[in-house]
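Note sheet for the following structure.
Reminder, nothing fancy here: chain letters follow the sequence lines and each chain counts from 1.
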Amino acid sequence: MDAMRVSRLLLVTLRDDPSEAEIVSHKLLLRGGYIRRISSGIYAYLPLLWRVLQKIESIVRDEMNATGALETLLPQLQPAELWQRSGRWDGYTAGEGIMFHLDDRQGRELGLGPTHEEVITALAADLLRSYRQLPVNLYQIQTKFRDEIRPRFGLMRGREFIMKDAYSFHADEASLRETYGAMDQAYRRIFARCGLRAVAVEADSGAIGGSASQEFMVTAEAGEDLILTSSDGRYAANQERAVSLPSAAIPLQDGSCRDLATPGQRSIEELCSAHGFDPSQTVKVLLLLARFANGQPQPLLVSLRGDQQLNEVKLANAVTARAEAGAGALLEIAPITPEQLKAEGLADLAFGYLGPQLSDAVLQGAKTWQQRFLRLADGTALELERFVCGATRPDTHLQGASWEALCPNASLRPAGLDLRSAQPGDRCVHDPDQHLEAARGIEVGHIFQLGRKYSEALEATFTSEAGSDEPLWMGCYGIGVSRLAQAAVEQHHDGHGICWPVSIAPFEVIVVPANADEPVQSQLAEELYTGLRQAGIDALLDDRSERAGVKFKDADLIGIPWRVVVGRGAIEGRIELVRRQGSVKQELAASALLGTLLPTLQQERLGLLEQPA
RNA sequence: CGGGAUGUAGCGCAGCUUGGUAGCGCACUUCGUUCGGGACGAAGGGGCCGCAGGUUCGAAUCCUGUCAUCCCGACCA
């Protein structure tokens, strides 16, 4: 490898935090000369970061290859037709769709790959014919394009980012589960080798679809996701998905159903504080509208126990499962506004006083909406014997209402589901003595058991041992490589700058002559640098004629794990070895450097892995 | 898309209220002194004040529009 000298590295560090950055990792990457923003959510990876990314990629490759996965490279430009066959084109391009798309000179529609299920499945349909070829797992490391609604935090949520994605194909579900398990293990090793503390959590499958899925979260305050874990470590889930035991409702005193005057009390808090109810004695109703790619907008009437919060992801899944055939992808669920009612030609409703008994009659004559509510309720609401809810008339609630009385016709009674958000402090399902604790996480990996969704849509079949034609079983496995790099900074930094884990640091050691104009120092620095490189150590030499302080500050900022200072002691062959993490210093003879550093470095190259493979 | 904020030199900012033709710190260039934690002095280069209209004798400053960026929500590796 060429000589790595700071003077030749295009190292441009900044003293001030750039105003465009909000979170520490973003600021440090900009200040350290790792990235530059080119456009919203689009970054140039400067030479220093490119080295980090390549180290991460190499760890990923290593572990993926070890599982027998095959590296490949798929096109980024993809025909709309493939996405139309899987049914995702509209959802990914219409409305707030995330796919960059364009027409070519022939007027054909193309999309810039946000992910590769369609392409890989089409390939699988072409290449995989017999169970004898299975299982197979293909992966690639490549730039993905997503027109994020709101790019932010630098590489955390870019519109162009590097991802490792893998897709596995199987003859049966058991084989899929086996590879899924192998990926789980490989991912744990990958993150450990990168020096990251990561947690595996149960996750929602989102737009990708499929059944089981698990996310890998790097724990950090700046994380965008809320994760809930049990203190015994046996349960961990993304809040989107998390389940818990609800607190018991306080029973409402018996009594027949009667009107209760509640002028101006439109919220649960106002209602409860005015009449001394506990929120768990009430049922609140949310009036929402679900919009689909193709179908008519569907009004929703969602009932929750008053003390519970709606989990929008669970709701979206429930609505998707109940959507009419041909409605296409669910685009959005949003509260219905009085303006929307007017636009539909419908009468105003008593917002704040609605109850589960709200009749479909209020939707009669709607111009574009379905004229019946999709009625859903969380189990905690359905379990209430007696409760307080809106009377669907202004300034009035019902006290002592019951589902039987409100909805005598069982067909109008909502389906009972889990629609509530688990909260920190809730009791755990697996052990009621355990409680959920909250932590924030950055999602750096996600593995899915897709099942046969894509293979059925794209007719990717194989001939089974019994001779029948069957759709392939599929899994897919992603790692956000560029996001991982920034997550590492978020997890490993201090007041002076980045503290890269050795395994992914752009360089392992930086040799700093305190005074480069002092021939003894610069000569010894050169010798040590050469010796380190010859020993296979990724060393950098700060050969600039800057003052020592500048070089130290820069070394701290860019986060090289080890610093060798060649200073005044050089004349006696003494140098200083400084560990970036914690600024631990030791003085030693220059001749002892390799012997001291190499064993430690070899250990640190394993990251958090307990032992080499 | 809804809500909030900001656009002035490569970076960070002041100037705008009360119009008079642009300034500070860092960075950059040259010289000298310094030399183990972002040195000091001297001299210098660099700005269609986001863009387009308008008001005015005169606009960075006032008005209108527009674009971009950032923050809060929906999306995700």
Side-chain angles (χ1 to χ4, degrees), chain A residues 12-23 26-27 30-31 33 36-42 60 91-92 95-99 114-116 141-166 187 203-208 215-218 224-225 238 240 291 312-313 316 331-335 337 442-448 476-487 496-497 512-518 521 545-557 563 565-570 575-576 578 583 585:
Chain A
V12 180
T13 55
L14 305 173
R15 193 178 298 211
D16 298 311
D17 285 335
S19 61
E20 74 187 57
E22 189 70 11
I23 62 174
H26 188 191
K27 288 177 180 171
L30 283 165
R31 281 189 56 206
R36 278 294 156 97
R37 193 183 66 82
I38 300 302
S39 173
S40 178
I42 300 177
V60 169
Y92 268 69
E96 302 204 316
I98 210 164
M99 181 153 59
T115 175
H116 281 75
I141 298 175
Q142 180 205 54
T143 294
K144 292 281 187 278
F145 299 90
R146 293 186 189 171
D147 194 0
E148 290 288 339
I149 299 165
R150 181 149 93 87
R152 61 183 138 174
F153 303 146
L155 306 182
M156 287 294 192
R157 179 174 301 279
R159 297 198 295 168
E160 184 182 316
F161 60 96
I162 300 175
M163 177 170 163
K164 185 286 299 182
D165 50 330
Y187 273 38
D204 182 72
S205 302
I208 307 283
E215 289 168 336
F216 292 83
M217 298 284 193
V218 168
E224 294 186 83
D225 290 277
N238 193 312
E240 295 176 347
R291 292 196 307 107
E312 294 185 28
V313 172
L331 298 180
E332 181 197 45
I333 295 180
T337 62
I442 300 163
E443 183 188 353
V444 290
H446 200 157
I447 59 177
F448 301 79
C476 78
Y477 320 93
I479 290 181
V481 173
S482 43
R483 177 184 282 183
L484 189 156
Q486 189 172 336
H496 300 286
V512 183
N515 185 347
D517 295 336
E518 197 66 60
Q521 294 185 16
S545 57
E546 289 285 351
R547 293 162 63 86
V550 172
K551 290 185 276 198
F552 294 160
K553 288 284 185 192
D554 275 343
D556 286 349
L557 177 60
R563 186 174 85 214
V565 182
V566 183
R568 288 193 270 266
I575 56 165
E576 193 179 62
V578 187
S583 300
K585 298 178 185 166

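- For A39(B), one of the phosphate oxygens OP1 or OP2 lies less than 4.0 angstrom from a side-chain nitrogen or oxygen of Arg547(A).
- Proximity of Ser40(A) to the phosphate of C70(B): a side-chain N or O atom is located under 4.0 Å from OP1 or OP2.
- One distance of note links CG of Asp204(A) with CZ of Phe448(A); it measures 8.5 Å at 0.5 Å rounding.
- Taking atom CD on Glu22(A) and atom P on A5(B), their separation rounds to 16 Å, with Å as the unit.
- The base of G36(B) is paired with the side chain of Glu576(A) by a donor and an acceptor separated by under 3.5 Å.
- Nearest nucleotide to the side chain of Arg157(A), out of G25(B), G36(B), A77(B): A77(B).
- Nucleic acid contact for Gly567(A): base, since at least one base atom lies under 4.0 Å from a heavy atom of the residue.
- Atom pair Arg159(A):CZ and A77(B):P shows a separation of 18 Å (rounding to whole Å applied).
- Residue side chain Phe552(A) fails the stacking definition with respect to G38(B), as its ring centre and the base's six-membered ring centre are not both under 5.5 angstrom apart and under 30 degrees in plane angle.
- Side-chain to base pairing of Asp556(A) with G37(B): one donor and one acceptor N or O lie within less than 3.5 Å of each other.
- Not a single donor-acceptor contact under 3.5 angstrom links the side-chain atoms of Arg15(A) to the base of G10(B).
- Gly154(A) comes within 4.0 angstrom of no nucleic acid atom, judged by non-hydrogen atoms across all strands.
- In the interface, the side chain of Arg31(A) is not paired with the base of G10(B) through any donor and acceptor atom under 3.5 Å apart.
- Asp165(A) comes within 4.0 angstrom of no nucleic acid atom, judged by non-hydrogen atoms across all strands.
- Between Ala514(A) and Ser19(A), the residue anchored nearer the 5' end of RNA chain B, judged by the nucleotide with its closest heavy atom, is Ser19(A).
- What separates CZ of Arg291(A) from P of A74(B) is a distance of 16 Å, to the nearest Å.
- The side chain of Arg150(A) places no N or O atom within less than 4.0 Å of a non-bridging phosphate oxygen (OP1 or OP2) of C76(B).
- Across G36(B), G38(B), C11(B), the shortest atom-to-atom separation from the side chain of Ala548(A) is found for G36(B).
- Mapping Ser583(A) and Val481(A) onto RNA chain B via the closest heavy atom, the residue that lands nearer the 5' end is Ser583(A).
- Side chain of Arg146(A), nearest nucleotide from G37(B), A77(B), C26(B): A77(B).
- Minimum atom distance to the side chain of Glu312(A) is reached by A74(B), of the listed G36(B), G38(B), A74(B).
- Distance from the side chain of Glu148(A) is smallest for C75(B) among the nucleotides C75(B), C76(B), C11(B).
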